Amino acid sequence: MRDEALRRLHALLVRAARFQLRSAASRSQLRGECVEELATEAADDALVSILAHRGDFRGASRFVTWASKIAMFEASGAVRRRSRTRRELPLETDGWSPPELAAAGPEETLEQLEWLHALRVAIDEVLSERQRLVFVSIALNDVPIDVVAQKLDATRGAVYKTLHDARRRLRAHLELGPAETELGRAEAAARHR
């Protein structure tokens, strides 16, 4: 009897998740087979959640409504996770295209191009590999910090600190020039030894 009730509940959860995913499919790139896979995954997660929290059901609504809401929530989470995990992190500045240059005269355009070239060189020369990955992903390609943290298996705070350090190093390098930064002084001292 319990197994039959769980099977029927799971079927209900699949239908609720499928409903949520079909409405999300119109706004994203989900395909039919992907919807079915995600609906089953969301229903599985919802069933586990319902069984773990069945004591939280207060009876303020029908049980079917409460359970369906959990399945729909799990389906929405599955879509978000799917979109995050499929997003590639750019590893180099080669894939980065500079922003549109402000409409200006030839001198201003040349100055902006020189500055962008200096930034690209600084990214390649001044930043560590991890700083470069984080900076290029977040600052240049608008990848959300949470996605970068997940891809690097790091905390959001650790990624933010890496981004902060990368910006600080780039700013110092671009404002003071390579010889005036800590890194530049250390490299110059090493060459004179």
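All residue numbers refer to positions in the sequence shown, counting from 1. Predicted model only: the values in this text are computed from it and were never measured.
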Please determine whether residues Leu6 and Leu12 belong to a single hydrophobic cluster, defined as Ile, Leu, Val, Met, Phe, Trp and Tyr linked transitively by side-chain heavy-atom distances below 4.5 Å. yes
Within a 6.0 Å radius of atom CD on Glu4, are there more than 12 heavy atoms belonging to other residues, nucleotides or ligands?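 Yes, CD of Glu4 has more than 12 neighbouring heavy atoms, counting only those of other groups under 6.0 Å.
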Exercise: identify the closest heavy-atom pair between [X] and [Y]:
X	Y	answer
Arg132	Asp124	NH2-O, 3.3 Å
Arg130	Leu152	NH2-CB, 3.8 Å
Ala39	Val14	CB-O, 4.1 Å
Ala139	Arg167	CB-NH2, 4.2 Å

Residues in side chain to side chain contact (heavy atoms under 4.5 Å, CB included) with [X], at least two apart?
X	answer
Ala75	Ala17, Gln20, Leu21, Ala42
Ala46	Leu13, Ile70, Ala71, Glu74
Thr40	Asp44
Glu114	Leu110

For Arg156, what residues pass the salt bridge (Lys or Arg N to Asp or Glu O under 4.0 Å) criterion, not counting sequence neighbours? Asp146
Who passes salt bridge (Lys or Arg N to Asp or Glu O under 4.0 Å) against Arg168, sequence neighbours left out? Asp165
Do Ser68 side-chain atoms and Val64 backbone N/O form a donor-acceptor pair below 3.5 Å? yes
Are the side chain of His173 and the backbone N or O of Arg169 linked by a donor-acceptor pair below 3.5 Å?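 Not at all, since once roles are kept as given, no pair shorter than 3.5 Å links the two residues.
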Please verify the inter-ring angle class for Trp66 with Phe63; under 30° counts as parallel, over 60° as perpendicular, anything in between as tilted.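 Ring orientation, 0 to 90° scale: tilted.
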